[in-house]
Structure formats: C-alpha cells, structure tokens
Visitor: 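Below is one structure. I have some questions about it.
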There are 2 protein chains.
Amino acid sequence: MLADPIQTLRDHGIQPSAQRVEVARYVLDTDEHPSADRVWEVVRERQPTISRATIYNTLNLFVEHGLLRTLLLSEGHVVFDPKTNRHHHFVDEATGRIVDVPWDALDVGRIDELPFEVADYQVVLRGRLS
Amino acid sequence: MLADPIQTLRDHGIQPSAQRVEVARYVLDTDEHPSADRVWEVVRERQPTISRATIYNTLNLFVEHGLLRTLLLSEGHVVFDPKTNRHHHFVDEATGRIVDVPWDALDVGRIDELPFEVADYQVVLRGRLS
DNA sequence: GCATTGATTTAGACTGAGTCTAAAACTGGA
DNA sequence: TCCAGTTTTAGACTCAGTCTAAATCAATGC
C-alpha cells in the first residue's frame, strides 16, 4: 500500500499534480509489471480525461527520478516495476504474467570472475506457473 | 563460419531460396545479436533488391524452425541470436553491444526450489565492457 | 519450350508502442 | 486578478513489426 503518494513524489523531487498522484497510486503499488497502455487503462477509470501523453511523460519522469524501473520482459512493449531493490523475474509463457522472485531465492555465483564491469544483473526465468 | 547454408536450411525443412541463403550467411554466423533492420542493412550490401518484408519473413521462419532465438535485451527492438544452446548475456550500457556469456561461467543455484515450472532461464548482466 | 502450380518475394499499407509539439489549462505567488 | 512557469492535452509523428495483393520465381509435366 502506497501510504502517501503526494509525499512520495515530493520526496523524489516531483511536483504532485493530480494526474501524477493518480498514476503513482496505481503504478507504484502494483506487482503487475504493467505496460504503459495498461497504466493508462487503469488510471482512466479514476480520471477519464487523463491523456496518453501524460501517462508516458509521467512514467518516464518516475523512471528518471528512481521511482520505477523499465524492464524488457514482454514482446512488443516495455513494462514498469516499482520495486527498485534487486530481484529476479519469472515470466509465464502462457499468460505473459510476470512474477517477482526474491533476490535470495537464487544463488548466482562467479559474477566477479567475468571480464566486465557489471553494474546490474538478474535472472530471467520463463515457463509456467504451477 | 557457416559451412553450408544451403544444407543447413534444408536440414531444418526450409527451402533455400537465394534470399534466405543470404540472410542465413549473415545472421546464423554472427555474434552481433542484430536487430531485423541491421540484418536488412547488411544483407542489402550483397543483395540490393531484397525487401524488408522478406527479412522479417525469413527471420521469423528461422525462429520457427529453431535456427534462431529472439531476445529482449535492447530497448525498442528484438534482437536475434543464432546460438541456440544455453548461455547468458551481457549488455554494454554505453554501446548497446551484446556479448554471449558461456553457460558454465556462472553458477545459478536453487532454480528447482522455485514454485514454477521453469522451462528456460538466463542471467542478464548490464554494465560496461572493460 | 511452354503452361501450370505452388512457393517466395516485393512494395507498400497498416498497426501499435513510444515520442514530440503547440496550444490550452493549471498552479502558485505577487 | 495577473503573470510566469509548469503541466496536460490532442493529435501528429516515427519506427518496429505485420499483413496483403500482385509479381516473380522455380519445379514439374507434357
């Protein structure tokens, strides 16, 4: 539950306009990993005049301010993830549903032996939800 | 080096038209992880009349026949990977370059403890090439 | 060599995700 | 109330990926 979306936005240097607050209420509190158009669909239920450009602008603003991360897990569109702490993802190939996997549920060894400067990594799993 | 693209296509149940052979020569023998438009750019050097629809049709055909895999590693487009054996990927955030990481270079533990039927997984790393 | 048939390619229209822009609307301070 | 700065809006635009009708190609049979 996002306790105080207005304060959350202010804490991240974002002016809390009515539109941004409604977007935040949903996207910063969901584990759906929605697309931008899914966000628009949901927020329009509560705020019918909100425009598609505002949705894209607001999502991109939240990403820039560290409130959201973009993920490339679905074909054809990016998805948004409010959990900014490290974790893995499972993608159900039947439904497209994306599920967070706790960081400590998997052990990943020998990253430091690779000849790269690794800034970030995650395990992406695909299959079927049991 | 792709020794015999014509035979490779025949072995995978694909009629080896001149266009498909040229696409195969490049895309089944590169470690670039190219986009569809990059494939078109390269193949057009050798075969200037090939159309963009043929490129997409041919890449999709190769995916269907197990010669290629699609990957969601770059924003804005899918990339194609001829290595169909399991491996991980590193994405250079500065250049966008994608590098294969051998399967055995990393240890991933406790996949079987997850509450999913996992069909496939890989580690996706991002950072800078040293 | 020609006709026929089935497969493939082509050119470009189309769709949808994501971006951009000018005008309108909003908000806060004076 | 006015003004300046910010935000939102409506829709045009770009580009990745798909679709389609017509053209082309290739193989086969006569």
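Values below: all heavy atoms of this structure, side chains included; hydrogens, waters and symmetry mates excluded. Lettering of chains follows the sequences in order, A, B, ..., and the numbering in each one begins at 1.
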Visitor: Taking CH2 from B:Trp40 and P from C:dT9, how many angstroms apart are they, rounded to a whole number?
Guide: 15 Å
Visitor: Rounded to whole Å, how long is the line connecting atom CZ of B:Arg44 with atom C1' of C:dT9?
Guide: 15 Å
Visitor: Would you call B:Lys83-B:Asp100 a salt bridge at under 4.0 Å N-O?
Guide: yes
Visitor: Within the 3.5 Å criterion, strictly below it, is a donor on A:Tyr26 or A:Glu32 matched to an acceptor on the partner's side chain?
Guide: yes
Visitor: Please check the phosphate of D:dT8 (OP1 and OP2 only) for any side-chain N or O of A:Ser51 closer than 4.0 Å.
Guide: no
Visitor: In whole angstrom, what separates A:Arg38's CZ from C:dG16's C1'?
Guide: 18 Å
Visitor: Flag the pair B:Arg69 and B:Asp81 as a salt bridge only when some basic side-chain nitrogen lies within less than 4.0 angstrom of an acidic carboxylate oxygen.
Guide: no
Visitor: Round to the nearest Å and state the distance from B:Asn57 atom CG to C:dG12 atom P.
Guide: 16 Å
Visitor: Side chains of B:Leu68 and B:Thr84: closer than 4.5 Å at any heavy-atom pair?
Guide: no
Visitor: Take the protein atom CD1 of B:Ile55 and the nucleotide atom C1' of C:dT9, then report the distance between them rounded to whole Å.
Guide: 11 Å
Visitor: In this structure, how many angstroms lie between the P atom of D:dT7 and the CD atom of A:Glu64, rounded?
Guide: 12 Å
Visitor: May I ask you to check whether A:Gln7 and A:Asp11 show a side-chain donor-acceptor distance below 3.5 Å?
Guide: yes
Visitor: Phosphate oxygens OP1/OP2 of C:dT27: is one of them under 4.0 Å from a side-chain N or O of A:Gln15?
Guide: no
Visitor: Side chains of A:Leu125 and B:Gln122: does their closest heavy-atom pair fall under 4.5 Å?
Guide: no
Visitor: How close or far is atom P of D:dT7 from atom CG of A:Leu61, stated in whole angstroms?
Guide: 8 Å
Visitor: Just to be sure I understand the rule, does A:Ser17 reach a base, reach only the sugar-phosphate, or reach nothing, if contact means heavy atoms closer than 4.0 Å?
Guide: sugar-phosphate
Visitor: Whether A:Arg46 and A:Glu22 form a salt bridge (side-chain N of Lys/Arg under 4.0 Å from carboxylate O of Asp/Glu) is what I want to check.
Guide: yes
Visitor: At a cut-off of 3.5 Å, list every protein nitrogen or oxygen paired with a nitrogen or oxygen from nucleotides 14-18 of chain D, distance to 0.1 Å.
Guide:
| residue | atom | partner | partner atom | Å |
| --- | --- | --- | --- | --- |
| D:dA16 | OP2 | B:Asp37 | OD2 | 2.9 |
| D:dG17 | OP1 | B:Val78 | N | 2.7 |
| D:dG17 | OP2 | B:Tyr56 | OH | 3.4 |
| D:dG17 | N7 | B:Arg52 | NH1 | 3.4 |
| D:dG17 | N7 | B:Arg52 | NH2 | 2.7 |
| D:dT18 | OP2 | B:Asn60 | ND2 | 3.2 |

Visitor: In whole Å, I'd like the distance from the CD1 atom of B:Ile14 to the C1' atom of D:dA26.
Guide: 18 Å
